[in-house]
Amino acid sequence: MVNETNETIEANEAREAAADLTEAIVRHEWNQFQDTNNEGGRASCQGNWPVFHQMRLSQFLTWPADLQRSYAEDLDEADREGRNLITEKYGRMMASTAPEQYRETIEPYIPRLSEVRVARQEAIIAQQVAWAADFRSRYPRLGEAMRVLTTAEDTPQATSFETYLRGELGTYSERTLGLYEAMIAAKRAAGTNLTEETILNTVRLGGFSGLDEAEAQLA
């Protein structure tokens with residue numbers, strides 16, 4: 001009985017520590033987001049903590065603990081170096097949405113990625129775009145509420161899921177990218193869909209019991 005009680009306490013403490021880390025990552029990103037300059041002035045989304053919290057928490061809840069810890073270290077290291085990973089993420093997206101501006105005012109000032117690194121990222125992106133397309137085919141109404149899917153659909157006003165992911169992966173350290181690759185490989189081997197897991201978290205945080213209920217509410 002004592003051993004069972006101790007195990008329960010340890011399990012609860014582990015869950016609380018994991019929850020605290022996830023929340024700390026979201027808050028750290030939010031703080032960097034507040035320091036991200038937007039052309040034309042502050043963006044409305046920079047003042048919407050509830051939506052930011054829901055969207056980012058939904059993603060990080062799908063991550064294993066070692067990946068979360070590694071990315072938390074990336075954010076801390078960026079602070080020490082005077083970098084802003086959120087600013088860099090949005091800057092990298094502009095390689096597609098505003099290529100001329102990207103080449104002139106952003107590319108010279110952010111870390112350059114090797115061809116090997118780009119190839120690793122593109123393999124991840126191909127898998128995640130496939131997962132997202134599969135999810136949208138099964139939950140079309142929820143899919144319509146997502147970003148457009150592919151870089152070919154980018155406009156100066158709308159950034160696709162593919163381009164957003166490419167920008168985000170480009171900010172990860174080598175350590176974090178390796179752990180992210182391992183997560184993608186594990187989910188592929190298990191036959192799970194990362195987009196589905198993420199959106200399930202999103203709708204549950206929004207008060208729905210699951211994907212089917214959320215899809216029906218959008219009818």
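Positions are given from 1, in the same order as the sequence printed here.
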Query raised in the report: For the atom pair CD (E196) and CG (D134), what is the distance rounded to the nearest 0.5 Å?
Result: 7.5 Å
Query raised in the report: Do M146 and V148 sit in the same hydrophobic cluster, where Ile, Leu, Val, Met, Phe, Trp and Tyr count as joined when their side-chain heavy atoms come under 4.5 Å apart?
Result: no
Requested in this report: With rounding to the nearest 0.5 Å, note down the distance linking CG in L85 to CD1 in I110.
Outcome: 11.5 Å
Requested in this report: Specify the closest pair of heavy atoms between A158 and T97, including all atoms of both residues, with the distance to one decimal.
Outcome: O-CG2, 4.3 Å
Query raised in the report: Is R83 salt-bridged to E77, going by a charged N under 4.0 Å from an acidic O?
Result: no
Report task. Kindly work out whether a path of hydrophobic side-chain contacts (I/L/V/M/F/W/Y, heavy atoms less than 4.5 Å apart) joins L21 to Y180. Result -> yes
**Report entry** Criterion side chain to side chain contact (heavy atoms under 4.5 Å, CB included) on W30 and I86, from CA distance to verdict
**Finding:** CA-CA 9 Å; W30 173 256; I86 306 305; over 6 Å; no
Report summary line: Heavy-atom nearest pair, R92 first then G170, reads NE-O, 3.5 Å
Query raised in the report: Should L218 and V203 be regarded as members of a common hydrophobic cluster, given that ILVMFWY residues are connected when their side-chain heavy atoms come within less than 4.5 Å of each other, either directly or indirectly?
Result: yes
Query raised in the report: Would a 4.5 Å heavy-atom cut-off, applied to side chains only, mark N193 and R138 as touching?
Result: yes
Query raised in the report: Do F33 and W49 pass the side chain to side chain contact (heavy atoms under 4.5 Å, CB included) test, and can you show the C-alpha distance, the side-chain angles, and the key distance before you say yes or no?
Result: CA-CA 10 Å; F33 191 34; W49 162 252; over 6 Å; no
Query raised in the report: Within the side chain of S96, is there an N or O that forms a donor-acceptor pair under 3.5 Å with the backbone of M93?
Result: no
Query - Beyond-backbone contact of Y139 with D212, side-chain heavy atoms, under 4.5 angstrom - result: yes
Requested in this report: Please report the shortest heavy-atom distance between P108 and R103, naming the atom on each side.
Outcome: CD-O, 3.5 Å
**Report entry** Side-chain (Q128) to main-chain (T195) donor-acceptor, under 3.5 angstrom
**Finding:** no
Query raised in the report: How close do Y102 and G91 get, heavy atom to heavy atom, and via which atoms?
Result: CD1-O, 3.3 Å
Query raised in the report: Do I199 and V129 belong together in a cluster built from hydrophobic side chains that touch within less than 4.5 Å?
Result: no
**Report entry** From Q127 atom CD to K187 atom NZ, the distance as rounded to the nearest 0.5 Å
**Finding:** 11.5 Å
Query - Steps toward side chain to side chain contact (heavy atoms under 4.5 Å, CB included) verdict (L142, T202) - result: CA-CA 11 Å; L142 287 170; T202 303; over 6 Å; no
Report summary line: When rounded to the nearest 0.5 Å, the distance separating CD1 of I184 from CG of L179 is 12.0 Å
Report task. Determine whether I125 and Y164 fall in the same hydrophobic cluster, where Ile, Leu, Val, Met, Phe, Trp and Tyr are linked whenever their side-chain heavy atoms lie under 4.5 Å apart. Result -> yes
Query raised in the report: Is the count of non-hydrogen atoms from other residues, nucleotides or ligands lying under 6.0 Å from E174 atom CD greater than 12?
Result: yes
Query raised in the report: Can the positive tip of R188 be found less than 6.0 Å from the middle of the six-membered ring of W131, inside 45° of the ring normal?
Result: no
Report task. Report the residues that fulfil salt bridge (charged side-chain N to carboxylate O under 4.0 Å, His left out) with R69, sequence neighbours left out, ordered by chain and then residue number. Result -> none
Query raised in the report: After noting the C-alpha distance and the side-chain angles of R166 and T163, does the key distance pass the side chain to side chain contact (heavy atoms under 4.5 Å, CB included) rule?
Result: CA-CA 5 Å; R166 186 172 290 118; T163 296; 4.3 Å; yes
Query raised in the report: To the nearest 0.5 Å, what is the distance between CG (L149) and CZ (F135)?
Result: 12.0 Å
Query raised in the report: Just by modelled atom types, is the T159 backbone N or O under 3.5 Å from a matching donor or acceptor in the R147 side chain?
Result: yes
Report summary line: On a heavy-atom basis, the closest approach of R136 and G143 is NH1-O, 3.4 Å
Query raised in the report: Any salt bridge between R141 and E144, counting N to O under 4.0 Å?
Result: no
Query - Close side-chain approach of Q32 to D79, heavy-atom, < 4.5 Å - result: yes
Query - Test item: side-chain donor near acceptor, T150 and S160, under 3.5 Å - result: no
Requested in this report: Please check if atom CD in E100 has more than 12 non-hydrogen atoms from other residues, nucleotides or ligands closer than 6.0 Å.
Outcome: no
**Report entry** Least distance between heavy atoms, Q121 atom then L169 atom
**Finding:** OE1-O, 3.3 Å
**Report entry** 4.5 Å side-chain heavy-atom contact, D74 and T171
**Finding:** no
Query raised in the report: Quick one: are Y71 and I25 in side-chain contact, heavy atoms under 4.5 Å?
Result: yes
Query raised in the report: Any side-chain donor paired with an acceptor under 3.5 Å for Q68 and T22?
Result: yes
Query - Verdict with reasoning, S58 to T198, per side chain to side chain donor-acceptor pair (under 3.5 Å) - result: CA-CA 5 Å; S58 296; T198 303; over 6 Å; no
**Report entry** From NZ (K89) to OH (Y172), nearest 0.5 Å
**Finding:** 7.5 Å
Query raised in the report: Is there a side-chain contact between E197 and L200 (heavy atoms, below 4.5 Å)?
Result: no
